[in-house]
Protein chains: 2
Amino acid sequence: MSAVKEEGTEHRILEAAQRVFTRKGMAGARMQEVADEAGINKALLHYYFRDKQRLFEGVFKGGAEKQFGCIWDSLKGREHLFEAIEAFVAAYIDRMVENPQLPLFIANELNRDPEGLRAFIDRGMESRQLFLKLVADARERGEIIDIDPRELLVNIMAMCAHPFIARPMITHIHGITDEAFRRMIIKRRKTVPEFIIRSIRA
Amino acid sequence: MSAVKEEGTEHRILEAAQRVFTRKGMAGARMQEVADEAGINKALLHYYFRDKQRLFEGVFKGGAEKQFGCIWDSLKGREHLFEAIEAFVAAYIDRMVENPQLPLFIANELNRDPEGLRAFIDRGMESRQLFLKLVADARERGEIIDIDPRELLVNIMAMCAHPFIARPMITHIHGITDEAFRRMIIKRRKTVPEFIIRSIRA
DNA sequence: CGCAATATCAACCATTTGGTTAAACCAATT
DNA sequence: AATTGGTTTAACCAAATGGTTGATATTGCG
C-alpha cells in the first residue's frame, strides 16, 4: 500500500477539488482536472461524490464553511470592542493567508447562488449579535463616536478580505513582488485594527 | 427597419455580452445566452466578434476599462488629499452603482489572467502617482499621521468595492432588503470618506 | 483459503458548447 | 432589373465535458 493511498482517497479528493474549485470557480472547474490533481480516475470521483454539485458542496462545507466559522468564533468571549476588533482582524487575515483564494471563491459562489448557501452565512449570526452588542456597550461608555455598527462591520471585513480579492491589481499597481505583498498582509494584522480604532474612538 | 435594429447590432451585442459575462463570468458565460439576450443568431455573434475571447476583450475594453478609467480620472486636478479622497470615493461608488456586478467580474478575470490585462491596470498609474504626492504633501504639512500611502489606497478601494463584491453576504447577514442596501451604499458616499479621514487626520 | 464488499479503472455515452458553412436577405448602386 | 456588398439565419460539426458501465483489483473476514 503506497504512502499516498494511506492518506485516504476521499480526503485527497477534497483537497484536490478545493484547489481546483478555488482556482477556476464552479463553472471553470473540470472534473477531469480534479481527478488528475488527486491522482485518480474520473470515475472514482463520481464514486465518492455523485456529481459536480455534490463535490462542490463537499468542498464548501469542509473548507469555506469551517474557515469562516473559525473567523466568527474569534469574537466569542470578547468583552471589549477594541479587543474584539483586533482578534477578528487577526483571525480573518490568518485564515486568508492559509487559503488566499478563498474570499474570491466565496464571493463568486455566493453571488451565483445566494439562496443555496444560507447555512454558510447563518453560522456567523450569533457572533454578529455579539459584535453589535459590543459596539452598543462601547458607545454607551462614550468610548466611540456614533457610527452605524453594520457599516463598521462591513468596513472591517472589507479591509480584511479585499487585498486577497484584488491581489493582482494591488501587486501590479504598486509594483510590488509577491513577497512584498505577503509582508504587507502580515503588517496589516496590526495596521488595520489601528486604522479602524483610530477612526471610531471618541 | 425596426427600432431595435436602429440601435446598431454591434452595440447591442456588447451590452448583452456585458450583462451575461458579468453575471456568469468568462467560464460560465454561454455564447448562446449572449445571442439570445441580444436577440440575434449565434452565428452573428461570431460574425461581429470572431470568438469568445475577442468578445470578452470587447466587453472588457468598452465596459470595465472605461469605468475604471473614469474613477481614476476623478483624482486629476485635485490639490488637497481630503478633497481627493472625497472625489475618488464618490466616483468609485457612483460607477459601481451603475454597474454593481463589475468589481467581482474584474476581480475574477484579473485573477484568471493577470498578465493579459496589464493595459487595464496601467491606466490608473498616473493618478496613483498623484495620490502618493497628495499624501506626501499632507504629511509634510502635518495634516495627517504617518501612514503607508499604498496601504491607505488599498483601504480606500476596499471600502468602496467590497460591499458590491460581498453584497449577498451583507444583505443576508444584516437581514436587509435590496432597497436598504441601496440606501446604505448611497450613505457611504459620505460616511466612507469621513471614516478614512478621521483615521488619518493628525 | 474463499467469498463478499469495497475501491479503482478503462472505455464508453449523451449532451453541451464554441465555432463553421452555405445559403438567404436586404439596401444601395448601376 | 441585375449586381454587389454587407448582414442574418438555419443547419451542421468537432471537441470538450459531465456522467455511466461493466469489468478488475484489493481488502477484510468467516
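Throughout, protein chains are lettered first and strands after them, A, B, ... in sequence-line order, and every chain is numbered starting at 1.
- Considering only side-chain atoms of B:A43, the nucleotide from C:dG18, C:dA7, C:dT21 that sits closest is C:dT21.
- A donor-acceptor contact under 3.5 Å is not formed by the side chain of A:K52 with the base of D:dG19.
- What separates CZ of B:R54 from C1' of C:dG18 is a distance of 14 Å, to the nearest Å.
- For A:T9, a side-chain nitrogen or oxygen approaches OP1 or OP2 of C:dT8 to under 4.0 Å.
- Rounded to whole Å, the distance from CE on B:M31 to P on D:dC12 is 21 Å.
- Each of B:G39 and B:K42 lies near DNA chain D, and the nucleotide nearest B:G39 is the one positioned closer to the 5' end.
- A donor-acceptor contact shorter than 3.5 Å is absent between the side chain of B:E151 and the backbone of B:D148.
- Between the CD atom of B:E10 and the P atom of D:dT7 there is a distance of 9 Å, given to the nearest Å.
- The local environment of CD in A:E79 is sparse, with at most 12 non-hydrogen atoms from other residues, nucleotides or ligands closer than 6.0 Å.
- Within the cation-pi definition used here (under 6.0 Å to the ring centroid, within 45° of the axis), B:R112 does not qualify as a partner of B:F60.
- Following rounding to the nearest Å, A:Y48 (OH) and D:dG19 (P) show an atom-to-atom distance of 18 Å.
- The phosphate of C:dG18 (OP1 or OP2) has a side-chain N or O of B:R30 nearer than 4.0 angstrom.
- If you measure from atom CZ of A:R50 to atom P of D:dG18, you get 18 Å, rounded to the nearest angstrom.
- Rounded to an integer number of Å, the gap from CG of B:D36 to P of C:dT17 is 12 Å.
- Separating the CD atom of A:E33 from the C1' atom of D:dT17 is a distance of 13 Å, rounded to the nearest angstrom.
- Within the 4.0 angstrom heavy-atom criterion, base atoms lie near B:N41.
- Each of C:dG19, C:dC9, D:dT9 was ranked by its minimum atom distance to the side chain of B:I40; first place goes to D:dT9.
- Using a 4.0 Å heavy-atom distance criterion, A:A29 is classed as a sugar-phosphate-only contact.
- Nearest to the side chain of B:L44, among D:dT8, D:dG18, C:dT21, sits D:dT8.
- Side-chain nitrogen and oxygen atoms of B:Y47 include none within less than 4.0 Å of the OP1 or OP2 phosphate oxygen of C:dT20.
- At the heavy-atom level, A:F49 lies nowhere under 4.0 Å from the strands shown.
- In A:R50, the CZ atom is not crowded: 12 or fewer heavy atoms of neighbouring residues, nucleotides or ligands sit closer than 6.0 Å.
- What separates CG of A:D51 from C1' of C:dT15 is a distance of 15 Å, to the nearest Å.
- Distance from the side chain of B:H46 is smallest for C:dG18 among the nucleotides D:dG19, D:dT20, C:dG18.
- Relative orientation of the A:W72 and A:F88 rings is tilted, given thresholds of 30° and 60° on the angle between their planes.
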